[in-house]
Amino acid sequence: MIEILRLPALSDNYIYLIHEPQSGQTAAVDPAVAEPVMAALRARGWLLTHIFNTHHHWDHVGANLALKQATGCEVIGFRGDASRIPGLDRMVSEGQSLDFGATRVQVLEVPGHTLGHIAYWFREDQALFCGDTLFALGCGRLFEGTPEQMWNSLCKLRDLPDQTWVYCAHEYTLDNARFALTLEPDYPPLVARAQQVERMRAHNQATVPSLLVEEKRTNPFLRADSPELQERLGMSKQRAVAVFAEIRQRKDRF
Ligand code: ZN
Ligand code: FE
């Protein structure tokens, strides 16, 4: 089994360190900055062997070159973003499976936030690293993709097993919860989760990772095809992508 460390960085980013004990391989997912990564590696006595980038934004690739220079690690990212990901060594794309020590990671293309966004799914370890595509109770802004692309990407992630831990790249959950309540203020599972998120953030606790089954149940961006939510929005029987686009637009203005 892999060991996963969550490192807070910048104002609301999370960098993850993934350690596979049999091989000793260690990966950093979306290292925005080098210092917390190097400190965690020193504290654990781990050697960084890989960087997994989900997309090219600076708060996800900012430390690629510094970490590569300090450790000689290999940088992995989407084939189509070779010109936008600093230090990219290994280009990957949809459906590709990579060995990571004794475990395997599968690459999923999830365009929408950017056109070259990918996610890393550790099937046996029940862990998904999805960058800025799916957030706890939210989803990424559409900087490059269309609502259709993002909805399809979210559906792809929604199809993964219920017991998948969602490791997203930002602590946006409180704001997402408050927004979600504007859509479904009386939906009991959401109300309960929002209260829990309020409590956790009041004590400065991380709300990430979350379980995918909980996202399926309460994340409004995964519920654009829910008859109950559609009715709340006055959009009954409309196409899910239109409902998704409406929710995303409301969030942009929230
Ligand atoms: Zn981003
Ligand atoms: Fe980001």
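Remember, it's 1-based here, ligands and their atoms both numbered in the order they're listed. Start at 1 with the first residue, then count along the sequence. Atom set for the values below is all heavy atoms of this structure, side chains included, hydrogens, waters and symmetry mates excluded. Note that the structure is a prediction, hence the values are computed from the model and not measured.
Among the atoms of His57, no N, O or S atom is found under 2.8 Å from the Fe ion (ligand 2). For His117, every N, O or S atom stays at 2.8 Å or more from the Zn ion (ligand 1). Because the distance cut-off is set at 2.8 Å, His55 fails to qualify as a neighbour of the Fe ion (ligand 2), as none of its N, O or S atoms comes that close. For the Zn ion (ligand 1), the N/O/S atoms of His55 include one lying under 2.8 Å. With a cut-off of 2.8 Å, the Fe ion (ligand 2) has no N, O or S atom of Asp30 in range.
With respect to the salt-bridge test (charged N to carboxylate O, under 4.0 angstrom), the residues Glu215 and Arg158 do not qualify. Using a 4.0 Å cut-off between a side-chain N of Lys or Arg and a carboxylate O of Asp or Glu, Arg217 and Asp162 do not qualify as a salt bridge.
Looking at Asp132 and the Fe ion (ligand 2) together, the shortest N, O or S contact belongs to OD2. The N, O or S atom of Asp59 lying closest to the Fe ion (ligand 2) is OD2. With respect to the Zn ion (ligand 1), His57 has ND1 as its nearest N, O or S atom. Take the N/O/S atoms of Asp132: the one nearest the Zn ion (ligand 1) is OD2.
In the model, His55 has a side-chain atom that pairs as donor or acceptor with a side-chain atom of Asp132 under 3.5 Å. Checked by atom type, the side-chain pair Thr146/Glu148 shows no donor-acceptor distance below 3.5 Å.
Between Phe129 and Tyr16, the distance separating the two ring centers is shorter than 6.0 angstrom. Under the 6.0 Å cut-off for aromatic ring centres, His170 and His60 qualify, their centroids lying closer than that.
Annotation: cation-pi geometry not satisfied between Arg232 and Tyr187 (NZ/CZ under 6.0 angstrom from ring centroid, within 45° of ring axis).
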